[in-house]
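The chain is numbered in sequence order, starting from 1.
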Amino acid sequence: MKKQVKYSYCINENNQLVHIKEITNETRHNHKLLCLECGQEMVANLGTKKAWYFSHKANTACNGESYLHKLAKRKIREKFLSSDSFPITFTKNVPCNQKDTCPFYHDSSCKTIGVSISRDLKIWKDKTLYDTCQEECKVGEFRPDLLLSYSKEPERPLIFIEIYISHKSEESKLKSGYKIIETTQLRSEDDIEDIISRGFVEEERGNCILHNFNPELPSIKKDDVPIERFVLFKNGAARVYKAHDYIVYCEDLHRKLHPDSAYELNLKEFGVELWGENVNNNTLNSYESGLIYLIKKKGLSIKNCFLCKYRKYNDAYDRFICIRYKSLGPNFKFPKQTMAANCHYYELDPDKMNHPLSELEKICSEVENT
């Protein structure tokens with residue numbers, strides 16, 4: 001059931017907008033009051049128990065939605081023309097200002113979400129942007145509710161203001177390339193007053209949706225993005241701190257996690273879990289990538305069970321085992337990484353070692369020993 005629209009506005013005989021609070025018992029009969037929508041005569045209801053409002057003097061089929069549509073156009077236009085400024089607030093996801101230089105930039109995570117960017121529709125850097133607001137002015141195949149333009153530069157890109165009461169803008173209009181401010185659905189006079197008091201605000205609880213605008217974004221350095229870190233210790237053991245462990249962040253890209261580590265690497269776009277996910281597709285996990293990178297890039301001689309050809313995933317145990325454990329002894333069934341150093345069966349897995357250094361250099365970044 002639609003909410004009944006209360007009429008707090010009408011127009012007088014001079015076509016001036018009148019609010020119910022401007023009326024008193026003494027002045028209620030001094031002017032001819034007319035409906036903004038249908039033009040029929042209105043009367044002021046100034047009771048003591050209910051909020052004041054205008055109503056039609058005679059029965060009419062006046063449409064409350066059409067009243068809101070006309071009221072919104074009129075109020076917004078009058079506000080724009082009578083004020084020195086008309087604020088507009090964009091809400092954008094702003095990429096980190098290190099986007100073009102950071103090797104770990106990722107479009108889905110390296111952004112500051114929901115940044116409010118305040119601008120003005122009339123003034124920008126002390127220069128006039130728009131000074132004209134026309135109602136129902138035809139532009140090509142379109143007829144926006146309100147049209148903003150600049151009188152001294154007709155070629156300046158136009159701005160459409162569309163009032164959404166019951167029907168949103170057509171897809172063809174939204175894809176036309178014109179800058180469009182479309183209100184969220186207006187259900188009452190209060191929704192219109194929100195636009196008048198705050199301007200156009202694009203946010204979760206805002207009053208508009210903005211199309212085809214490209215505001216200048218602020219420069220923000222995002223330093224709280226979690227990063228995956230590979231650590232090689234001097235005894236040959238490796239450890240990986242996953243991004244979802246939230247231990248290393250992008251502000252720590254050049255800071256070692258362990259002062260006594262031999263090497264540390266930042267790993268890009270990982271998140272592959274150790275157990276089972278990369279068993280059958282020859283995809284390196286974080287441990288393998290870090291170890292092979294150091295062998296090929298730094299020329300290190302590393303013996304680590306992660307790289308041994310006899311380390312295989314076993315479905316029954318749901319984990320990796322050494323398939324030579326029957327010869328080596330039960331302690332080797334689930335060997336520690338460093339047991340490879342004293343294992344006479346140890347042999348590098350050729351499939352893993354076939355991954356080229358160029359592939360690994362795209363995902364590994366060395367942390368300086370500082």
Original post:
Would you call K75 and E193 a salt bridge, taking side-chain N to carboxylate O under 4.0 Å as the test?
Top reply: yes
Original post:
Going by an N to O cut-off under 4.0 Å, is there a salt bridge joining K168 and E162?
Top reply: no
Original post:
Does the distance from a Lys or Arg side-chain N to an Asp or Glu carboxylate O, for D252 and R255, drop under 4.0 Å?
Top reply: yes
**OP:** Inspect the contact between D194 and R198 and indicate whether a charged nitrogen and a carboxylate oxygen are less than 4.0 angstrom apart.
**Re:** yes
Original post:
Hey, are the side chains of E203 and T89 touching, using non-hydrogen atoms and a 4.5 Å cut-off?
Top reply: no
Original post:
Can a cation-pi geometry be assigned to R319 and F334, taking NZ or CZ under 6.0 Å from the six-membered ring centre and within 45° of the ring axis?
Top reply: yes
**OP:** Measure the shortest side-chain to side-chain distance between F320 and Y313 over non-hydrogen atoms and say whether it is less than 4.5 angstrom.
**Re:** yes
Original post:
Has R229 got its NZ or CZ under 6.0 Å from the middle of the six-membered ring of Y241, at an angle within 45 degrees of the ring axis?
Top reply: no
Original post:
Would you call K32-E41 a salt bridge at under 4.0 Å N-O?
Top reply: no
Subject >> Side-chain heavy-atom pair V225, Y105 within 4.5 angstrom cut-off >> reply: no
Original post:
When you check the gap from the basic side-chain N to the acidic O, do E366 and K298 get nearer than 4.0 Å?
Top reply: yes
Original post:
By side-chain hydrogen bond (donor to acceptor under 3.5 Å, both in side chains), which residues pair with N14, not counting sequence neighbours?
Top reply: none
Original post:
Using 4.0 Å as the upper bound for N to carboxylate O, is an ion pair formed by K256 and E264?
Top reply: no
